[in-house]
Amino acid sequence: MANTLQNFSSHYAVLFTLLFLLTLVGAGEHHRFSRSLSQAKHGLKKEKLSHLRFFFHDIVSGRSPTAIRVAEAPTTKNSSTGFGAVVMMDDPLTAGPELGSKLVGKAQGIYASASQTELGLLMVLNYAFVEGKYNGSTLSVLGRNTVFSTVREMPIVGGSGVFRFARGYARARTHKIDMNTGDAVVEYNVYVLHY
Ligand SMILES: *[C@@H]1O[C@H](CO)[C@@H](O)[C@H](O)[C@H]1NC(C)=O
Ligand SMILES: *[C@@H]1O[C@H](CO)[C@@H](O)[C@H](O)[C@H]1NC(C)=O
C-alpha cells in the first residue's frame with residue numbers, strides 16, 4: 001500500500017516536472033513585440049533647443065575632391081540644371097569659414113539635381129560630428145536646396161547619440177563660391193530640439 005502511494009506520488013512528481021518544463025519551453029517561444037516605457041525612466045526628461053553653427057566645404061575640384069559625381073542620366077549633360085546628376089559627399093564641417101579652422105564633423109551623404117527648371121538639389125545626408133560632447137553623434141537631413149537662393153532651409157529629420165529624437169531645421173547661406181572650380185563654402189545654422 002505504502003509502495004503504491006510512493007509510486008503514485010513519484011509519477012506525479014515526473015508529471016509536474018514535465019509540465020513545468022513545457023511551461024518553460026512555452027515561455028521561451030513568447031517574444032514580446034512592443035511595450036510602453038516611461039519617458040522619464042528612459043532619460044527623456046526635458047527637451048532642449050540647441051543652435052549649431054558651422055561651415056560646410058564642398059570641394060569638387062583638384063586632386064582630392066570631397067564631393068564626387070557617381071551617376072547621371074543620358075540627358076544630364078544636355079540639361080541646364082544638370083538634372084539627374086548624383087553626387088556623393090564627405091564634406092568637412094569646420095567651426096570657422098576657413099578649411100584650416102577647427103574640424104567639427106563631416107557632412108556625409110548624397111546631393112542630386114532634382115529640378116529641371118532651376119538648380120534645386122535633393123539633399124540626403126548625415127552630419128557626423130567629432131567635436132566635444134557631440135563626437136560620435138549624428139543629425140540626419142532630408143531636404144531641398146536651391147543653391148542660388150540666399151537662404152535655403154532643410155529639415156532635420158532625426159539623429160543619434162546626444163541627438164536621439166532630434167527634429168529641427170538647418171539654414172544654409174553660401175559664404176563663398178568659386179565659379180571656375182565650383183568649390184563652395186556654405187554657412188549652416190542648425191536649430192534642433194533634442195533631449
Ligand atoms: C544633347 O544635345 C546634343 C546637341 O544638341 C544632341 O546632339 C544630343 O543628341 C543630345 N543628347 C541627348 C541624350 O539628348
Ligand atoms: C572622437 O571619438 C573617437 C572614437 O571614440 C576618438 O577616437 C576621437 O579621438 C574622438 N575625437 C575627438 C575630437 O574627441
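Computed from a predicted structure; not experimentally measured. Excluded from the calculations below are hydrogen atoms, water molecules and symmetry mates; all remaining heavy atoms, backbone and side chain alike, are included. Counting begins at 1 with the first residue of the sequence.
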Where does the angle between the aromatic ring planes of F163 and Y134 fall among parallel (under 30°), tilted (30 to 60°) and perpendicular (over 60°)? parallel
Listed by chain and number, what are the salt bridge (charged side-chain N to carboxylate O under 4.0 Å, His left out) partners of D178, not counting sequence neighbours? none
K176 side, atom NZ; E187 side, atom CD - distance, nearest 0.5 Å: 13.5 Å
Taking the side chain as every heavy atom from C-beta outward, state whether V186 and R152 have any atom pair closer than 4.5 Å. yes
Where is the tightest heavy-atom contact between S113 and G82, given as atom of each residue plus distance? CB-O, 3.1 Å
Return the CG to CG distance between L122 and L142, rounded to the nearest 0.5 Å. 6.5 Å
Under 4.5 Å between any side-chain heavy atoms of I59 and L99, yes or no? yes
If every non-hydrogen atom of A128 is compared with every non-hydrogen atom of Q108, which pair is closest and at what distance? CB-OE1, 4.0 Å
Fit a plane to each ring of F54 and Y188, take the angle between them on a 0 to 90° scale, and name the class: parallel (under 30°), tilted (30 to 60°) or perpendicular (over 60°). parallel
For S137 and S160 the tightest heavy-atom approach is CB-O, 3.4 Å
Looking at K45 and A40, what are the two nearest heavy atoms and their distance? CE-O, 3.7 Å
Please say yes or no: joined through hydrophobic side-chain contacts below 4.5 Å, possibly via intermediate residues, are V162 and L49 part of one cluster? no
Cluster question for you: counting only ILVMFWY and a side-chain heavy-atom cut-off of under 4.5 Å, with indirect links fine, are V190 and V147 together? yes
S140 versus N126, side-chain donor and acceptor atoms under 3.5 Å: yes
I need the M123 CE to R144 CZ distance, nearest 0.5 Å. 12.5 Å
Would you give the length of the straight line joining atom CZ of F165 to atom NE2 of H42, rounded to the nearest 0.5 angstrom? 6.0 Å
Mind checking whether F56 and M89 have side chains closer than 4.5 Å, heavy atoms only? yes
Does T76 reach the main-chain N or O of F83 with its side chain, forming a donor-acceptor pair under 3.5 Å? yes
Beyond-backbone contact of T174 with F148, side-chain heavy atoms, under 4.5 angstrom: no
Do you know which two heavy atoms are closest between G109 and M88, and how far apart they sit? O-SD, 3.3 Å
Output for pair (Q116 CD, T75 OG1), nearest 0.5 Å, gives 8.0 Å
Applying a strict under-4.5 Å side-chain criterion to I, L, V, M, F, W and Y, I'd like to know whether L125 and F55 cluster together. no
In the structure I gave you, are the side-chain heavy atoms of I156 and H194 within less than 4.5 Å of one another anywhere? no
Is the backbone of Y195 close enough, under 3.5 Å, to the side chain of K48 for a donor and an acceptor to pair up by distance? yes
Please examine the side chains of I177 and M179, heavy atoms only from C-beta on, and report whether any two atoms are closer than 4.5 Å. yes
In one Ile/Leu/Val/Met/Phe/Trp/Tyr side-chain cluster, 4.5 Å: Y127, L103: no
Taking L119 as the starting point, is it possible to reach Y111 by hopping between hydrophobic residues whose side chains are less than 4.5 Å apart? yes
Is the backbone of D183 close enough, under 3.5 Å, to the side chain of D58 for a donor and an acceptor to pair up by distance? no
Which value, rounded to the nearest 0.5 Å, describes the distance between S101 atom OG and H57 atom NE2? 5.5 Å
Restricting to non-hydrogen atoms, name the atom on P97 and the atom on V185 that form the minimum distance, rounded to 0.1 Å. O-CG1, 3.7 Å
